[in-house]
Structure formats: structure tokens, C-alpha cells
Amino acid sequence: CGFAPRAWAETAGCWTDEGNYDISWYTDNPEAEEYDLWDAADLAGLAYLVNNNIEFFYSSKSNNGKIVRLRKPVDMSAHYWEPIGVFRMDGYTDVSPCFFGTFDGGNHAISGIVVKNDETDKSVYAGFFGYIERDSKNPHFDFNVYVFPRLLSINLVDAYIEGAQSVKVYKDPSSSNSWTVEPKAAGIVAYADAGTVGTAVYDCTFSGFVSGYDAAGIVGKNNSGGAVSCVNMGGVSAVRYAGGIVAYMEYASNIQQCT
């Protein structure tokens, strides 16, 4: 995934590189409404499926999408982590894949996550999850629906999250228009975007360190969603906005019972 190495880390390659992930838990039954993840390769498979436009975990049966559950603690220190839902441009068009489902971490320790700023578009939304949405402009997503993703009981331990440090400017080659994107970094999810009324981040815990243009322990930017009963025990460094729980909030965003 192109993340540059840290001098003090033995981490090598990316979890979404061939041979490091396992998606058999999905391909064995792609029509299922619930999935169980049992090891680090399974968890990496979730990032691979979303970021390669294979499965966004939308469900026609639930506004909260399909459910993905982590069933055991996992050590993710062997490779660099690619956030689930990365920022991606196709020319002047935002085609970012995003997660539409419910992820339940079961409060199992997810240890050693490392996301490193490589100065590419992938560093714009840096976190365990990069991007969750209620709808999508991604051409690979065929449904014109509203869904309300949920991130539940995620427990990140000794994580290192480094996002982009400066704004990104994208110019329209056919006009004088340009689009400025402000990078976000957070332990749990970098960007919960686009009027996501009902999007919820519940009972999540972060320890480690986060840095970026806007950075926070739990949510980088929250647009109309909620962070409830979350705990940040890590450090945060930001160029612009820093927050222990949320760095930037819009519209009806709320924080409840967080420390």
C-alpha cells in the first residue's frame, strides 16, 4: 500500500498485499447478512474487499448494513494497515470506496495497527476505518439508498496512525475549477461523512498515537453522527484541529459519555 517505513518498526509490506489477507469468509457465502472474522488475515480481507470495490456491506434488509464481527483478539503489527475505505480520485471525480455496514469489534484487542503517511491520496483519510458514508458516488456501487453505518466496540491497542499533514488540491483539467480536500486522521474512523444521521461510533477505545492535518483519538470529522461511550487513551498531534474524541464536528454531530 506504499506506506513508508518507520525507523523503529519492523513492519513490512501492507495487509492488502497478495498473500497477507484472506477473503474466504466472504467468498464462501457472499449473500450472507452476517460474517465472522477470526484472525488478522480475515480482518485484512475486510479492507481488501471494500477498497477494491468488491463488497461495501450494504444490505437491502437493514438500514445498518451487513454485520461483520471480530471474534478474537488480533495482532496487526506484521504489516502496514490500509484504512477500510480509502480516499480515491479518478481525475477530478471522487470515487472513494466506503463501508456501509456494521462492524462489531467485540472489544477484542486489535493491536499494532500502523498507518503511515505516504503523501498519496490514501493518506487523506487515515485511521482503522478511513471513510464511512450513508450513500455513495462510487460508480461501483449501484444502489441509490441511504444507510447508517455503525462501528461498535472497537478496541485499538498501541496503534500508530499518521495522516497527511497538508490540504490536497485537485484541479479540473477541463475548467479553472479546483477542489480542496482537508485530510483527517483518527484512531477509529477518519471521516464519517455526508449527513450521516444515524451513523454511530459506540463503545470504542483507542490507545497509541494519531497525527495529521485534523486529528483525533476516535473520529477525525463527524458529519451529523454520534460518538457514544468512547475512550481515548492515546496522544494526538494536529496541524489544525485536534481532539481527544472528535477533531471536527458538523450539523447535528454529538459526543456522549466519552472520556
Side-chain angles (χ1 to χ4, degrees), residues 63-65 83-87 94 96-105 113 115 117 121 123-137 146-156 159 161-169 179-259:
N63 286 337
N64 298 126
I84 302 166
V86 292
F87 182 77
D94 182 355
S96 303
C98 52
F99 180 76
F100 288 128
T102 293
F103 180 85
D104 185 348
I113 287 280
V115 177
N117 178 18
D121 288 347
S123 298
V124 171
Y125 301 148
F128 178 56
F129 279 80
Y131 189 36
I132 60 174
E133 256 271 30
R134 75 168 180 178
D135 57 7
S136 179
K137 301 178 181 69
Y146 290 117
V147 294
F148 308 116
R150 297 182 299 174
L151 305 182
L152 313 176
S153 303
I154 299 171
N155 179 17
L156 259 60
I161 311 289
E162 184 181 52
Q165 303 290 308
S166 59
V167 299
K168 303 285 187 180
V169 179
W179 181 38
T180 300
V181 178
E182 299 168 343
K184 315 296 176 189
I188 304 302
V189 55
Y191 199 177
D193 183 34
T196 47
V197 177
T199 293
V201 182
Y202 282 113
D203 187 35
C204 293
T205 304
F206 174 80
S207 71
F209 188 78
V210 181
S211 67
Y213 183 74
D214 292 339
I218 304 299
V219 183
K221 182 177 179 179
N222 205 346
N223 186 347
S224 300
V228 180
S229 298
C230 295
V231 177
N232 175 31
M233 298 183 289
V236 175
S237 175
V239 174
R240 187 176 67 163
Y241 301 140
I245 302 299
V246 179
Y248 190 104
M249 299 174 63
E250 284 188 329
Y251 304 111
S253 300
N254 63 88
I255 299 173
Q256 300 179 44
Q257 300 173 336
C258 295
T259 57

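Numbers for residues simply follow the sequence, beginning at 1. Nothing here was measured: the structure is a model prediction, and the numbers come from that model.
Under the 4.5 Å side-chain criterion, counting only non-hydrogen atoms from C-beta, Val219 is not in contact with Ile188. With contacts defined as side-chain heavy-atom distances shorter than 4.5 Å, the pair Cys258/Val228 does not qualify. Considering only heavy atoms from C-beta on, Leu151 stays 4.5 Å or farther from Tyr202 through its side chain. The closest side-chain heavy-atom distance from Val124 to Lys168 is below 4.5 Å. Counting heavy atoms from C-beta on, the side chains of Phe128 and Ile154 come closer than 4.5 Å.
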Go through the steps to decide whether Glu162 and Val115 satisfy the test side-chain contact (heavy atoms from CB on, under 4.5 Å), and finish with yes or no.
CA-CA 6 Å; Glu162 184 181 52; Val115 177; over 6 Å; no
side-chain contact (heavy atoms from CB on, under 4.5 Å) between Ile132 and Cys98: does it pass, once the steps are laid out?
CA-CA 5 Å; Ile132 60 174; Cys98 52; 5.7 Å; no
Go through the steps to decide whether Val201 and Arg150 satisfy the test side-chain contact (heavy atoms from CB on, under 4.5 Å), and finish with yes or no.
CA-CA 6 Å; Val201 182; Arg150 297 182 299 174; over 6 Å; no
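Scanning both residues, Thr102 and Asn64, for their nearest heavy atoms gives OG1-O, 2.8 Å. The two residues Gly130 and Val189 come nearest to each other via the heavy atoms O-CG2, 4.2 Å. The two residues Ser166 and Pro183 have their closest heavy-atom pair at O-CG, 3.2 Å. Closest of all the heavy-atom pairs between Ala126 and Pro83 is CA-CG, 4.2 Å.
Ring pair Tyr131/Phe99: centre-to-centre distance not below 6.0 Å.
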Which pairs would a plain distance check flag for residues 204-212, meaning a side-chain donor or acceptor within less than 3.5 Å of a matching protein atom at least two apart in sequence or in another chain?
{"residue": "Ser207", "atom": "OG", "partner": "Asp158", "partner atom": "N", "Å": "3.1"}

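Lys221 and Tyr191 form a side-chain donor-acceptor contact under 3.5 Å, judged by distance and modelled atom types alone. The closest side-chain donor-acceptor pair between Asp203 and Ser153 falls under 3.5 angstrom.
With rounding to the nearest 0.5 angstrom, the CG atom of Asp214 is 10.5 Å from the CD atom of Gln165. Atoms OG1 and CE, on Thr259 and Met233 in that order, are 8.5 Å from each other to the nearest 0.5 Å.
Applying the ring-ring contact (aromatic ring centres under 6.0 Å, His included) test to Tyr213 and every residue at least two apart in sequence or in another chain returns nothing. For Val236, the side-chain contact (heavy atoms from CB on, under 4.5 Å) partners two or more places apart in sequence, or in a different chain, are Ala215, Asn232, Ala242.
Ring geometry for Tyr241 versus Tyr248: interplanar angle of 30 to 60°, hence tilted.
A salt bridge links Glu182 with Arg240: at least one charged nitrogen is closer than 4.0 Å to a carboxylate oxygen.
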